[in-house]
Amino acid sequence: MVEVRYKVREVLDKSKIDTFLQQARIGHLGMVDGHLPYVVPLNYVWTNGVLYFHGATGGRRNQVMDDNPEVCFTVCEEYGTITNPVPAKTDTAYMSVMVFGKAQPIVDLDEATHMLQEMMYKYVPGYYNRPLSEQHVNKYRSAVFGGPVQVYRIDPQHITAKENPIEVGQMFKPELS
């Protein structure tokens, strides 16, 4: 189990963590490639306590997860700089969440279609006038890499979260020139 070192910034409110993970747009998937770290930024969705992402079938990321499915998915949002008359006390307002678990490829077409629909709701809400069909998901081939899309799920084994909240009146505002 991974513990938060800086306890004063630890977030234990599951509702706050859920809301943050639902709203943030980019996460970083951390993997172990042999003896080396390998981290990839990704779009993702957090729904019903599970994290999903997708991408090309094949490729280095998928090979690394096939060899070692243990992953860490990190999401962080930076809200600005908190000023202080003492330079050493100037700080950053942020929230971050780390989701530890095993990445599993999704083979169930219903689950993959649901996840891809959730992606569309999150990243292009209202753009498409009808839901994705399973037939579309099953037959889709990427214009970029020519192959089908692979959906992955991470069932969290452990989650840690930290934040340094915005301090109203102390946030740095650059002077306009």
Side-chain angles (χ1 to χ4, degrees), residues 1-4 11-77 95-163:
M1 178 153 332
V2 178
E3 291 189 30
V4 173
V11 176
L12 298 173
D13 181 340
K14 291 191 185 312
S15 174
K16 186 173 194 162
I17 293 168
D18 281 344
T19 299
F20 176 77
L21 287 172
Q22 288 165 4
Q23 294 175 351
R25 298 179 57 83
I26 302 292
H28 292 82
L29 178 68
M31 301 162 279
V32 178
D33 186 5
H35 297 293
L36 297 173
Y38 184 58
V39 179
V40 180
L42 297 169
N43 292 335
Y44 72 96
V45 291
W46 174 260
T47 181
N48 300 320
V50 177
L51 194 139
Y52 290 96
F53 60 92
H54 75 296
T57 301
R60 181 176 178 192
R61 180 196 66 199
N62 295 6
Q63 182 61 51
V64 170
M65 289 187 299
D66 285 347
D67 293 344
N68 181 358
E70 294 286 339
V71 298
C72 175
F73 197 89
T74 302
V75 180
C76 185
E77 294 283 323
M95 181 159 175
S96 66
V97 175
M98 298 176 79
V99 178
F100 298 87
K102 289 185 179 180
Q104 307 169 50
I106 301 304
V107 294
D108 179 72
L109 189 55
D110 284 341
E111 187 175 4
T113 301
H114 170 74
M115 176 275 172
L116 293 169
Q117 183 66 58
E118 291 295 317
M119 277 281 216
M120 289 178 29
Y121 289 149
K122 180 177 181 177
Y123 292 97
V124 289
Y127 183 76
Y128 296 101
N129 60 5
R130 62 181 174 189
L132 279 175
S133 69
E134 285 185 359
Q135 181 180 13
H136 176 82
V137 172
N138 195 36
K139 291 185 176 184
Y140 176 80
R141 295 296 177 264
S142 170
V144 176
F145 58 87
V149 169
Q150 178 63 63
V151 174
Y152 282 87
R153 177 181 70 223
I154 300 172
D155 294 303
Q157 295 170 344
H158 184 67
I159 297 175
T160 63
K162 294 190 321 186
E163 85 170 322

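Owing to the predicted nature of the structure, the values given are computational and were not obtained by experimental measurement.
- For the residue pair Q150 and A56, the shortest heavy atom distance occurs at CB-O, 4.3 Å.
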Donor-acceptor pairs under 3.5 Å, side chain of residues 117-126 to any protein atom, not counting sequence neighbours: which ones?
unit_1: Q117; atom_1: OE1; unit_2: L132; atom_2: N; d: 2.6
unit_1: K122; atom_1: NZ; unit_2: A24; atom_2: O; d: 2.6
unit_1: K122; atom_1: NZ; unit_2: Y44; atom_2: O; d: 2.9
unit_1: Y123; atom_1: OH; unit_2: R25; atom_2: O; d: 2.5
unit_1: Y123; atom_1: OH; unit_2: Y44; atom_2: N; d: 3.1
unit_1: Y123; atom_1: OH; unit_2: Y44; atom_2: O; d: 3.1

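- Looking at residues two or more places apart in sequence or on another chain, you find a side-chain hydrogen bond (donor to acceptor under 3.5 Å, both in side chains) between E111 and Y52, R153.
- The CZ atom of R61 sits 7.0 Å away from atom CG of L29, with the distance rounded to the nearest 0.5 Å.
- Scanning both residues, I26 and P41, for their nearest heavy atoms gives CG2-CB, 4.3 Å.
- Counting only residues at least two apart or in different chains, salt bridge (Lys or Arg N to Asp or Glu O under 4.0 Å) contacts with residues 62-74 comprise E70-K102.
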Apply side-chain contact (heavy atoms from CB on, under 4.5 Å) to the pair M31 and V40, showing each step before the final yes or no. CA-CA 9 Å; M31 301 162 279; V40 180; 3.7 Å; yes
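- Residues meeting the side-chain hydrogen bond (donor to acceptor under 3.5 Å, both in side chains) test with N43, sequence neighbours left out: none.
- How far CD1 of I17 is from CE of M98: 13.0 Å, rounded to the nearest 0.5 Å.
- Listed by chain and residue number, E163 satisfy the salt bridge (charged side-chain N to carboxylate O under 4.0 Å, His left out) test with K16 (two or more places apart in sequence, or in another chain).
- Distance check: L116 CG to L109 CG gives 9.5 Å after rounding to the nearest 0.5 Å.
- Residues passing the side-chain hydrogen bond (donor to acceptor under 3.5 Å, both in side chains) test with D33 are R60, sequence neighbours excluded.
- Applying the ring pair (Phe, Tyr, Trp, His ring centres under 6.0 Å) test to every pair with at least one member in residues 19-39, sequence neighbours left out, gives no pairs at all.
- Here the OG1-CG distance, from T47 to D18, works out to 9.5 Å after rounding to the nearest 0.5 Å.
- Taking CD1 of I106 as the start and NE2 of H114 as the end, the distance is 11.0 Å to the nearest 0.5 Å.
- The heavy-atom pair separating V97 from A161 by the smallest distance is CG2-CB, 3.8 Å.
- In this structure Q23 satisfies the side-chain hydrogen bond (donor to acceptor under 3.5 Å, both in side chains) test with no other residue, sequence neighbours excluded.
- Evaluation of the salt bridge (Lys or Arg N to Asp or Glu O under 4.0 Å) test over residues 39-53, restricted to residues two or more places apart or in two chains, returns none.
- Here the straight-line distance linking atom SG of C72 with atom CD of Q157 works out to 11.5 Å at 0.5 Å rounding.
- Shown here are the ring-ring contact (aromatic ring centres under 6.0 Å, His included) partners of F53, two or more places apart in sequence or in another chain: Y152.
- V99 is listed as a side-chain neighbour of L21, based on a closest heavy-atom distance under 4.5 Å.
- What you find for G49 and P156 is that their closest heavy atoms are O-CD, 3.3 Å.
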